[in-house]
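Below, all heavy atoms of this structure are taken into account, side chains as well, without hydrogens, waters or symmetry copies.
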Amino acid sequence: MNNTAETWNQRYLSTNHSLSMPRTFLMEYRHFLPENGWALDVAMGLGHNADVLTNQGLQVVGVDFSWVALKQARETYPRLFTLLAELPKIHFSPASFDVILNFWFLDRSLFPVIKTILKPGGLIFFETMRYDADYTDLDGNPDYLLKTDELKIVFKDWNILVYEEYVRVTSRGGPQPAAHLLARKPIERQRSSN
């Protein structure tokens, strides 16, 4: 197990972990979700977001590298399918999922994977931290921070339903720049044989 996974295991063992409810962004836009199909929750954590999808009628695969998080998620939400894996070292067939969630996790090598494994017409909910010179502490790893408009650029060929860059207040009271995106993968048009 790598050190990062062990750090997250310890966080999830803590009784006051801050990720204890579904993301507001998902709750506000859940009316876009289909009533059936398959969904993937990338870096699922404790399963709160995935449970929103199962309650909608979706079958959900949650992936995380923390066995502690997956164990707690399975105990709390037994309808979830869980998979212990280090992202992006994961392989699914093309067009496997109707919905993909990616909350508070950034690995740019997953962008092409997401584009491949999401079905045409499928939805991506993406929300994570971003760089903002007015707020961002440069002591952290900048690889974990989105650049300005990065999600809009990565998904520029998709139907972007919601996009916002904002500053939220953290559980510690400090500012945290972030961005969220809800986008639909285009449906490929069939070419006429005439």
Side-chain angles (χ1 to χ4, degrees), residues 19 21-64 80-81 83 85 87-132 135-136 142-168 176-191:
L19 300 176
M21 58 186 355
R23 299 300 312 157
T24 301
F25 177 54
L26 176 61
M27 298 306 290
E28 286 178 1
Y29 295 100
R30 70 180 182 261
H31 59 276
F32 281 98
L33 292 169
E35 294 180 3
N36 55 52
W38 282 89
L40 174 67
D41 190 346
V42 174
M44 177 182 71
L46 298 174
H48 306 304
N49 297 308
D51 184 57
V52 171
L53 303 186
T54 59
N55 288 331
Q56 181 73 22
L58 293 158
Q59 300 292 317
V60 182
V61 177
V63 177
D64 207 291
L80 299 178
F81 298 96
L83 180 60
L87 298 166
K89 298 174 186 172
I90 189 167
H91 302 283
F92 291 106
S93 297
S96 294
F97 296 101
D98 300 281
V99 178
I100 296 177
L101 303 182
N102 188 325
F103 287 114
W104 301 103
F105 177 79
L106 180 62
D107 184 333
R108 289 171 178 88
S109 65
L110 278 176
F111 289 153
V113 174
I114 288 169
K115 289 181 174 188
T116 300
I117 65 176
L118 191 64
K119 292 179 181 177
L123 295 171
I124 175 79
F125 284 80
F126 203 118
E127 183 177 43
T128 197
M129 298 174 291
R130 69 178 171 83
Y131 176 79
D132 185 318
Y135 298 102
T136 304
D143 291 341
Y144 298 141
L145 303 175
L146 290 168
K147 298 175 179 90
T148 300
D149 291 331
E150 184 173 359
L151 288 177
K152 280 198 317 192
I153 293 166
V154 169
F155 294 98
K156 68 180 182 239
D157 298 332
W158 290 30
N159 180 13
I160 296 177
L161 304 169
V162 179
Y163 182 78
E164 182 181 14
E165 293 185 357
Y166 61 95
V167 177
R168 72 180 189 107
Q176 175 60 69
H180 58 221
L181 167 112
L182 170 58
R184 187 178 303 281
K185 184 175 179 177
I187 297 173
E188 298 167 1
R189 295 188 178 137
Q190 293 182 351
R191 294 186 180 164

Would you indicate whether the side-chain heavy atoms of [Y] and [X] approach each other to under 4.5 Å?
X	Y	result
L53	D41	no
K147	Y131	no
F25	V162	yes
D149	E165	yes
M21	H48	no
M44	L80	yes
F111	L151	yes
L181	I160	yes

Shortest non-hydrogen contact from [X] toward [Y]:
X	Y	result
M27	V52	SD-CG2, 3.6 Å
A85	V63	CB-CG1, 4.0 Å
N49	P22	OD1-CA, 3.3 Å
G37	D98	CA-OD2, 3.2 Å
F125	F103	CB-CZ, 4.0 Å
D143	R108	O-NH1, 2.7 Å

Which residues share a side-chain hydrogen bond (donor to acceptor under 3.5 Å, both in side chains) with Q59, sequence neighbours left out: none

Partners meeting side-chain hydrogen bond (donor to acceptor under 3.5 Å, both in side chains) with N55 (sequence neighbours left out): D51, R79

For H180, the option from R130, E164, E28, R23 that meets side chain to side chain donor-acceptor pair (under 3.5 Å): E164

What is the distance from atom [atom1] of [X] to atom [atom2] of [Y], rounded to the nearest 0.5 Å?
X	Y	atom1	atom2	value
L26	L101	CG	CG	6.0 Å
F126	L110	CZ	CG	8.0 Å
L106	N102	CG	CG	7.5 Å
F155	Y163	CZ	OH	11.0 Å
K185	L123	NZ	CG	12.0 Å
L58	L40	CG	CG	12.0 Å

Derivation of the side chain to side chain contact (heavy atoms under 4.5 Å, CB included) call for L161 and Y29: CA-CA 10 Å; L161 304 169; Y29 295 100; over 6 Å; no

Check: F92 ring centroid to F97 ring centroid under 6.0 Å: yes

